[in-house]
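The structure under discussion appears below in the form of C-alpha cells.
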Amino acid sequence: MADKKHLYLVDGSAYIFRAYHRLPPLTDPEGTPVGAVYGYTTMLWKLADDLDKADGPTHLAVVLDKSSKSFRNEIYDQYKANRPDPPEDLVPQFPLIRDATRAFSLPCIEEPDVEADDMIASYARAAQAEGWDVTIVSSDKDLMQLVGEENGARIDMLDTMKNARIYIEEVEEKFGVRPEKVGDVLALMGDSVDNIPGIFGVGPKTASKLIAEHGDLTSALDAAEDMKKSKLKERLIEHRADAELSRILVTLKEDCGLPVPLEDMKLDGVPSEPLAAFLEKHGFTSLRRRLDAGTGSPTRANDLNPAKQETKSAEASSEGNSQPLPEMPAIDRAKYECVQSMDRLTEWVERAQAARLVAVDTETDSLDSIKARLVGVSLALGPNDACYIPLAHGGSDMFAEKPEQVDKAEALAALKPLLEDEAVLKVFQNGKYDLNVLSGEGIAVAPIDDTMIISFALDAGRGEAGIGGGHGMDELAQRHLGHVCLSYKEVCGTGKKAIPFGEVTLDKATEYAAEDADVTWRLHAHLKPRLAIEGGTKIYQRVDRPLVPVVAGMEREGIKVDRTRLAKLSEEFATETSRLEKEIHEIAGQEFTVGSPKQLGEILFDKMGYKGGKKGKSGQYSTDQSVLERLSGDGAEIADKVLEWRQLAKLKSTYTDALQEAINPKTGRVHTSYSLVGAQTGRLSSTDPNLQNIPIRTEIGRQIRDAFVAEERNVLLAADYSQIELRLAAHMADVAPLKEAFEHGEDIHSRTATEMFGEVNRDTRARAKTINFAILYGISRWGLAGRLGVEPDEAQEMIDTYFKRFPGIQKYILHTLESVREKGYSETLFGRKTWFPRINSKNQAERQGSERAAINAPIQGTSADIIKRAMVRMVPALREAGLDKVRMLLQVHDELVFELPEGDVAKASEVIERVMAGAAMPAVELSVPLGVEIGTGKSWGAAH
DNA sequence: CGGATCACG
DNA sequence: GACGTACGTGATCCGA
C-alpha cells in the first residue's frame, strides 16, 4: 500500500473562525488584520510539508463556504438565523484566505446552495469509494458522522489546533455512540449556534444515552410512549417534530456534484514564487525567511520589539506545540554585578539598547509605591546576566560612610532614555509598582511587559489545593523555574529588627535585587510564548497590558478626602458606641466584650436563654446579622442594640478612623493600590485602603462617601454601568424577553416579575430581583429558599418557572458547565480564561462550589473586561477631546469616578458616556445596549 | 493566623 | 449516606 492515495480536505471556513479567536490580532504593514490568515498560512504549510510522511497527504484541497444561505434554509427558515455577523476585523481576512490558498496552488472548492460540510462529505465519500484514505482537517462535530472505514479506506479527522487525530474511539468518547449514530444524537440535542431545535431540555448526555439505548432516533422517539412518566417523556412526545426536522438538518448531503475532479487535487509540493510574493505582501517575514531556507524549522528571530514579537509567538502557536526553551543555566548569584561607576552603567544601558529587551526591577524603602523612595535599580539581559545599580544606600549609622555608588541624578539621566525607548521592551514583575516609583523620578516607562499579568492571563484560578496559584514572583519562580528566591526577610530581617532596603550592604543587595531582575527575565522567556499557544494573547495585549499604566496613573492621582469631616464622624460614632455598649451590658446583666462573637453568643444563648442558637463548625454560636435580626423580630431589644453597635463600630474602625490614617501627607489625598490579578474573574481589587467597599447602602454609611470630595472649582463625576451583569446574562444566554426589556429601557426586575408572577407589585418585584441575582450566582433551591424565606420546594418551583420563561438561561448554565468540565476553564466574551481545577472533584461541596463560580465567572469576567476596555480607551478619548484636566480616579467594578473642572462637565459626560457604552465594540457586538448613568457633585455621595 | 463579621459590586 | 448550599472581593476584630 505504499502508493495508497490519501486525500486531505481542509475545512477552511471553520478554521479561520477558530484561528481568529485563538491567535493574536496581527496586522500587516498596511494595517489590514491578518492574524487568522497567518494561522491559516502556517497550517497549510505544515500540511503540505507532510507530503512525504507516512500518513501525510498525497492530495489536498480546501473547502470554503460560498454564502451564508444553503438548501437547509429552504427546509427551515430559522437555520443558522442566530449566527452573529463575523467580527469586524475578520471580515477583510476572508478574501485573503482565498489568496493564501491560491499562493499554495491548492484547489479551492466553493459551491453555492450547499455548505462546506456537504462538499467535504461528498468528496470524502467519493474518495473513499475509490479506495483512498481521507483526512478531514476540522474539528466540527457534524463532520464526525463521516468517520470510519469502508471499502478498506478510512476517513478520519485532524484537529490542527490541538494536533489531535479524531477516529472512531474519539467520536465515541465525545458522543457515546458510533459515528454513524452521531446524527441521531445531534438531532436530539440540537445546537443553539446553528439554531437547530433538537428536543428542548435534552443535552448531549441525555441524547447519547437515548440513542445508545434505543439504537436510533426513530426508535428512541417511539420508545417515549412506554417510558415512565417524566419531563423527558413529555418532551420527547411533544417535540417529536422538532427532532425529526433536526435530523434532516444535521444530515450531510453526500451526493453533491464535484466541481474539481479528485485527481486534480494531487499535491506536488509548494511552488515558492507565488507563495513568496504572498508572504512578502503581508509582512510574514519569518515565514519568508523559512521559505528561502528550505522547509526547515523556523528561525528564531532576534528582533524583539513588541510588534514583531507577536509574529514570533503566533508562529509558535501554529506549530501546535511549545517551542523548547533555550537551556537556562541555574541561577548563580555570584555572576551578578554591582554597578558603581558611570562607565559600567553606560555599558549596561548600551547592551540593553542592543538587546531590545531588558528585565527591570526597582528597590525602594516602602511597599506603598506612592510613598516609596527609589534606592536602586536592577537590570537583566539574560540568565545570570544581571546587575544592581545602588542609588541611595547608606545614610544611617549602619555604614561608617556611604558606600561607593553612582550619582543618583546622573544615573537616572542615563537610564531614562532606555526606559522610555519605544523600541526596547521593559519587562517587569508587577510593573505598576515600578511605573509609579519611576514616575516619581520623572521617568515615563514604555513599552512594558509584565510577567505577573501574563501569568494571570494564562493561569487565573489554576492553583490546586496545597500548591499556590498566585502570581507573585517567589511563587512563579518556584512553579516555573524550580528556583527558591532569596527572601526579603533574609535580606532585610523581620519584625523590629527589620531594616530598610537602603541600609542593606551592597553585596547582599546586589544578590537580592539582581536575582529579581534575572528571575523576571527568565519568567518572561518561559511565559510569554505560552500566551499565543494557549490563547491568552488577546486578553493580555488588548486589555490587561495596556491597563497597567492607566491604573498606575489612577493610583498616583488619588482622591481628596475631607479629614475634618471624617474626624467629626469618628467622634460621633465613638460616643454612640460607648452609649450602646453600656446599654447592652445593662440588658445582659454583666460586662463583656461586645465585639467578641464568642462572648456575645454565650450571653445570648446560654445566659439569657434565647432559643435557636446554632453552632458552626468552630463550636461557636453564630451571631451574624441574620441571626440578630431574627432575635430582634422575637422582641430581643439587646439584638437591636448589638446590630447598631456593630454598624457604628465597623464604620469607625474600617472607614472614618482608617481613612484619616491613609491620607498621604505629601499629596493630601488617599491613594489606593489596585491589584490587577487579585480576583480570579478578572476584576480589579483595591487595598490599602480598599476604596471599592466604601459604604452607600445605608444612610449613616453614606455620610462617609460625602467625605470624598473634589478640589476647589472641581467636581466629582460618577459614571455607572446600569445592571451590566444582567444585561450580559441576557445577551450571553440569549434571553429574548430580557433583551427586549433592556432595549426598551424597562425596569428589569419588574419585567422579570411580570414574566414570572403575572403582576408587578413591591413583593413580586423584590422576589424577582432576588431570583435574578441568584441566577447570576448559580442557584440552589435551598439558597434561594433561605433568601426568600420560603420552603425549598417553593423555591424550586420558582426556579422551574424562571427556566421555563427564560429557557436560554438554563441552556447557558448547562453549556457553560459542560464546557468547563471538559476544558477545565471558563471564558469571557473577550477570551479571558478562569480555571476551575476542582470542577470534577469527587467532593460534592467542593465540586458544587466550583460549579456556581463557573456559572458566574463568564458574566462577572465579561463585565470586568468591558470596564477595563473603557478605562484603556478613556485616556486617549479625553485627550483627543481636549479634556486634559479631567482625571480618572477610581474604579468600583461597574463605576468610574472622575475629578474635573466644573466647566468641563457637559463635554466630559458626553465622552465618558460614549466610551463606556461602546467599550465592548468592535471585538464583541452585544445584542443589548449598555446603559451608563452619570452624576456629578462636590462629593462622591452627591455624585450618585 | 484563622474564623467571624460586614463593607462593596 | 452525608454533605451543606449565592458569585467576587478586603479590613477589622477576637482569641488561640
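We name chains A, B, ... by the order of the sequence lines, and we start the count at 1 in each one.
A donor-acceptor pair shorter than 3.5 Å can be found between the side chains of A/Ser570 and A/Asp657. In summary, the side chains of A/Ser487 and A/Glu490 do present a donor paired with an acceptor at a separation below 3.5 Å, with no hydrogens or angles considered. When only modelled atom types and interatomic distance are considered, A/His815 and A/Gln810 share no side-chain donor-acceptor pair under 3.5 Å. A donor and an acceptor atom, one from each side chain of A/Gln796 and A/Asp800, are located under 3.5 Å apart.
Here A/Ser653 does not reach the OP1 or OP2 of C/dA11: none of its side-chain N or O atoms lies under 4.0 Å away. At least one side-chain nitrogen or oxygen of A/Arg787 sits closer than 4.0 Å to the OP1 or OP2 atom of C/dA6. At the phosphate of C/dG10, OP1 or OP2 sits under 4.0 Å from a side-chain N or O atom of A/Ser685. For B/dT5, the OP1/OP2 oxygens have no side-chain nitrogen or oxygen of A/Gln647 closer than 4.0 Å.
Computed from coordinates, the A/Trp645 CH2 to B/dA7 P distance equals 12 Å when rounded to whole Å. Rounded to an integer number of Å, the gap from A/Ile799 CD1 to C/dT5 C1' is 11 Å. In this entry the distance linking CD of A/Glu846 with C1' of C/dA6 reads 18 Å, nearest Å. Between A/Leu651 atom CG and B/dT5 atom C1' there is a gap of 13 Å when expressed in whole angstrom units.
Taking the six-membered ring for Trp and thresholds of 30 and 60 degrees, A/Tyr802 and A/Phe806 have ring planes more than 60 degrees apart, a perpendicular arrangement.
A/Arg852 comes within 4.0 angstrom of the backbone, heavy atoms only, and of no base. Backbone-only engagement by A/Thr623 is indicated by non-hydrogen atom pairs under 4.0 Å involving sugar-phosphate atoms exclusively. Among the atoms of the strands shown, only primed sugar atoms or phosphate atoms (P, OP1, OP2) are found under 4.0 Å from some heavy atom of A/Ala658. At a threshold of 4.0 angstrom between heavy atoms, the contacts of A/Glu725 with the nucleic acid are absent. Among the atoms of the strands shown, base atoms are found under 4.0 Å from some heavy atom of A/Thr770. Residue A/Arg646 is classed as a sugar-phosphate contact, given heavy-atom separations below 4.0 Å to backbone atoms only. Using a 4.0 Å heavy-atom criterion, one finds that A/Gln625 contacts the sugar-phosphate atoms exclusively. Using a 4.0 Å heavy-atom distance criterion, A/Ile694 is classed as a sugar-phosphate-only contact. Looking at heavy-atom distances under 4.0 Å, A/Asn690 makes contact with sugar-phosphate atoms alone, never a base. At the heavy-atom level, A/Asp688 lies under 4.0 Å from the strands shown only through sugar-phosphate atoms.
Of the candidates B/dA7, C/dA11, C/dG15, the closest approach to any side-chain atom of A/Tyr655 belongs to B/dA7. Side-chain atoms of A/Gln620 lie closest to B/dA4 of the nucleotides B/dC6, B/dA4, C/dG4. Looking at the side chain of A/Ile696, the nearest of the listed nucleotides C/dG8, C/dG4, B/dG9 is B/dG9.
One N or O donor and one acceptor, one from the side chain of A/Arg697 and one from the base of B/dG9, sit under 3.5 Å apart. Judged by distance alone with a 3.5 Å cut-off, a donor-acceptor contact links the side chain of A/Gln848 to the base of C/dG4.
Taking atom P in both C/dA6 and B/dA4, the straight-line distance is 15 Å, to the nearest Å. Taking atom P in both B/dG3 and C/dT5, one finds a spacing of 14 Å when rounded to whole Å.
For the pair A/Lys615 and A/Tyr621, the cation-pi criterion (under 6.0 Å, within 45° of the ring axis) is fulfilled.
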